Amino acid sequence: MMKFGVLALQGAFRKHKLMLEHCGVKAIEVKTAEELDDVDGLVIPGGESTTIGKMMVDWGLLGKIQTRAAAGMAIYGTCAGMILLAKDIVGSDQPRLGLMDVSVRRNAFGRQRESFEAGLSVTAFGNSPVRAVFIRAPFIEKAGAAVKVMATVDQNIVIARQGNMLVTAFHPELTKDDRIHKYFINMVQGKA
Ligand code: GLN
């Protein structure tokens with residue numbers, strides 16, 4: 001049976017594990033290289049991207065995740081997780097995986113909209129809008145040709161996929177809407 005990992009160094013990892021379990025798959029917290037070896041897909045949660053990035057380096061996980069991703073392991077990054085997957089982070093040289101050909105801006109929605117909810121229209125998920133909770137969220141400013149844009153807010157990219165990598169600027173694990181997690185599970189199972 002396939003096993004999913006949620007990177008559990010810092011941030012909002014617990015609810016991702018619960019959401020994956022609710023979707024019917026086995027999920028574990030990943031803090032070590034051994035645990036990483038054991039999973040077929042990895043979720044990188046929201047939190048503080050500078051802290052998570054530094055801990056990935058300190059705990060010897062950064063290179064290991066890059067190697068697994070190059071070998072085909074699927075990764076889903078939410079919020080800080082999306083920042084960590086980006087090649088370019090506007091104005092920052094913080095540690096990152098740099099696996100996705102996008103440029104992200106941190107805290108991109110500005111003070112007026114530090115945290116907000118929106119209903120997103122996502123073609124891949126049918127007619128009913130995806131409930132999205134944004135918390136000091138980034139967005140993707142620029143995306144390379146290999147990146148498939150799946151949803152935007154005011155023309156800014158908030159869901160995207162590049163091959164085995166999926167990112168959302170928001171936190172679906174805080175809602176009852178399980179369609180993003182199900183989509184990711186299908187990716188890992190080679191069905192999406
Ligand atoms: N603003 C955070 C960062 O830049 C991300 C916020 C989140 O993950 N909810 O790391």
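Note that ligands are numbered from 1 as they come in the structure, with each ligand's atoms numbered from 1 the same way. Because the structure is predicted, anything quoted here is derived from the model rather than measured.
Around ligand 1, the residues contributing at least one heavy atom under 4.0 Å from the ligand are G46, G47, E48, S49, C79, A80, I83, R106, N107, I135, R136, H171.
Between E48 and R106 a salt bridge is recorded (basic side-chain N to carboxylate O distance below 4.0 Å).
Within the 4.5 Å cutoff, the side chain of L120 has no heavy atoms near those of the P129 side chain.
Within the structure, salt bridge (charged side-chain N to carboxylate O under 4.0 Å, His left out) pairs that include any residue of residues 147-169 comprise R113-D154 (at least two apart or interchain). Among residue pairs with one or both ends in residues 69-82, those qualifying as side-chain hydrogen bond (donor to acceptor under 3.5 Å, both in side chains) are H16-T78, Y76-T168; sequence neighbours excluded.
Under the rule for a salt bridge (charged side-chain N to carboxylate O under 4.0 Å, His left out), K87 has no partner lying at least two apart in sequence or in another chain.
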**Request:** Would you check, one step at a time, whether the test salt bridge (Lys or Arg N to Asp or Glu O under 4.0 Å) holds for E117 with R131?
**Result:** CA-CA 7 Å; E117 272 192 63; R131 286 316 300 168; 3.2 Å; yes
